[in-house]
Amino acid sequence: MTRWLFLGPLCALTGLASGGAMAAQPEPWQLGFQPAASPVMAQMESFHDLLLWIITLISIFVLALLAYVCFRFRASANTTPSKRTHHTVLEIAWTAVPVLILVVIAIPSFKLLYFMDRTADPELTIKAIGHQWYWSYEYPDNGDFVFDAYMVADEDLQPGQPRLLTTDNAIVLPVDTNIQILVTATDVLHSWAVPAFGVKMDGVPGRTNETWVRIEEPGMYYGQCSELCGDYHGFMPIMVRAVSKDEFEAWTQQAQEEFARAGNVDVAQRRN
């Protein structure tokens with residue numbers, strides 16, 4: 001599992017002023033994950049901890065074995081080296097034990113893969129569309145409005161807004177809701193990634209991929225395009241504002257007017 005550290009070196013961060021709301025974003029010199037804000041990310045973090053214990057024990061065992069071999073079979077203590085080349089029990093053990101370890105890893109891995117794939121009963125659907133170099137978002141269940149989200153330039157940032165992660169329009173999503181996220185692209189490969197959600201889904205031109213999220217805490221969450229998509233790949237941030245269901249309903253009413261579109265004409269086409 002990736003540690004999501006690709007965001008860290010890109011940001012000069014300040015605190016996000018929010019009355020008790022969560023703000024999931026990378027921190028300077030961060031080593032671990034961002035706080036989990038969804039069940040998927042919580043399970044990913046748990047699986048990571050399991051793997052960390054396994055690889056730590058394996059590393060300690062291998063180090064101890066090497067130290068023992070170096071000491072026990074050093075040339076000064078074995079002037080006449082052994083000519084033995086096979087040991088049946090030992091060879092069975094070092095074949096069977098790794099297989100058992102892989103089985104222990106595979107079972108929770110498959111469970112996590114199926115869990116993070118999709119939600120059986122989505123309560124809300126949004127669509128993220130990658131462009132060079134910005135994102136568009138559609139809300140087909142809430143009036144079918146659409147808007148673009150561009151990165152805010154350094155000189156336009158307000159106090160508390162993180163550099164390279166702030167957009168002019170934030171995605172607004174309700175908490176405690178199973179949200180289906182459809183991801184595609186119009187030109188080249190992009191990838192919609194929000195570390196706190198445990199979501200990283202490729203946007204492929206001509207194809208629609210699916211993932212999901214259930215946000216557990218209100219607040220602001222940040223991500224970026226994590227597919228090398230061209231010159232301004234590092235300037236395609238994702239900003240998600242999670243709110244209560246009542247606040248979300250109020251926002252959709254306002255957004256339908258603010259981002260209204262005529263028929264099926266895309267916002268990007270209208271701008272041109």
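Note: F33 and H48 have perpendicular aromatic rings, judged against thresholds of 30 and 60 degrees for the angle between ring planes.
Residues L164 and L228 do not share a hydrophobic cluster, defined by chaining ILVMFWY side chains whose heavy atoms lie under 4.5 Å apart. With hydrophobic clusters built from ILVMFWY side chains whose heavy atoms lie under 4.5 angstrom apart, F147 shares a cluster with I238. Clustering ILVMFWY residues whenever any of their side-chain heavy atoms sit less than 4.5 angstrom apart, transitively, puts M236 in a cluster other than the one holding V188.
Side-chain contact between T211 and F197 is absent, with no heavy-atom pair separated by less than 4.5 Å. Residues I179 and P174 form a side-chain contact, since some pair of their non-hydrogen atoms from C-beta on lies under 4.5 Å apart. Side-chain atoms of L173 and L124, non-hydrogen and from C-beta on, do get closer than 4.5 Å to each other. Considering only heavy atoms from C-beta on, V213 comes within 4.5 Å of I181 through its side chain.
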Trace of the side chain to side chain contact (heavy atoms under 4.5 Å, CB included) decision for Y139 with I171: CA-CA 10 Å; Y139 284 71; I171 314 159; 3.2 Å; yes
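Side chain of N209 to main chain of V183: no donor-acceptor pair is present (N/O by atom type, distance under 3.5 Å, no hydrogens or angles).
With sequence neighbours left out, the salt bridge (charged side-chain N to carboxylate O under 4.0 Å, His left out) criterion links E249 to no other residue. Partners of W94 by side-chain contact (heavy atoms from CB on, under 4.5 Å), not counting sequence neighbours, listed by chain and number: L90, E91. Residues that satisfy the side-chain contact (heavy atoms from CB on, under 4.5 Å) test with D187, not counting sequence neighbours, are H131, Q132, H190. In this structure W192 satisfies the side chain to side chain donor-acceptor pair (under 3.5 Å) test together with Y137, sequence neighbours excluded. Among residues two or more places apart in sequence or in another chain, the ring pair (Phe, Tyr, Trp, His ring centres under 6.0 Å) test is passed with W133 by Y232. For D121, the salt bridge (charged side-chain N to carboxylate O under 4.0 Å, His left out) test picks out no residue, with sequence neighbours left out.
Residue pairs meeting the side chain to side chain donor-acceptor pair (under 3.5 Å) criterion with at least one partner in residues 175-184, sequence neighbours excluded, are T125-Q180, N178-R214, Q180-E210.
Closest heavy-atom contact between A242 and I215: CB-CG2, 3.7 Å. Between S38 and G198, the shortest heavy-atom distance links the atoms OG-N, 4.4 Å. Taking every heavy atom of both residues into account, Q161 and Q158 meet most closely at OE1-N, 2.7 Å. The nearest pair of heavy atoms linking V175 to K245 is O-CE, 3.6 Å. Closest approach of F248 and V172 over heavy atoms only: CE1-O, 3.2 Å. For the pair D202 and S191, the tightest heavy-atom approach, listed with the atom from each and the gap, is OD1-OG, 3.1 Å.
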Considering only distance and modelled atom types, tabulate donor-acceptor pairs under 3.5 Å from the side chains of residues 55-73, sequence neighbours left out.
unit_1, atom_1, unit_2, atom_2, d
T56, OG1, L52, O, 2.6
S59, OG, I55, O, 2.8

Using a 3.5 Å cut-off and no angle test, enumerate the donor-acceptor pairs between side-chain atoms of residues 98-112 and protein atoms at least two apart in sequence or in another chain.
none

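Once rounded to the nearest 0.5 Å, the distance linking CD of Q25 with CD of Q30 reads 9.5 Å. Here the CZ-CE distance, from R163 to M151, works out to 7.5 Å after rounding to the nearest 0.5 Å. From W135, atom CH2 reaches atom CE of M239 across 15.0 Å, with rounding to the nearest 0.5 Å. Of the inter-residue distances, the one linking L113 atom CG with F47 atom CZ reads 8.0 Å to the nearest 0.5 angstrom. In this structure, CE in M201 is found 12.0 Å from CD in E227, a value given to the nearest 0.5 Å. To the nearest 0.5 Å, the span separating CZ on F145 from OG1 on T252 amounts to 6.5 Å.
The other members of the hydrophobic cluster of V204, by chain and number, are L189 (side-chain heavy atoms under 4.5 Å, ILVMFWY only). Other members of the cluster containing Y114 do not exist, because no ILVMFWY side chain is joined to it at under 4.5 Å. Grouped with L157 in one hydrophobic cluster are V152, the linkage being side-chain heavy-atom contacts under 4.5 Å among Ile, Leu, Val, Met, Phe, Trp and Tyr residues.
A 6.0 Å sphere centred on CZ of R207 holds no more than 12 heavy atoms belonging to other residues, nucleotides or ligands.
Aromatic ring centres of W212 and F115: separated by under 6.0 Å.
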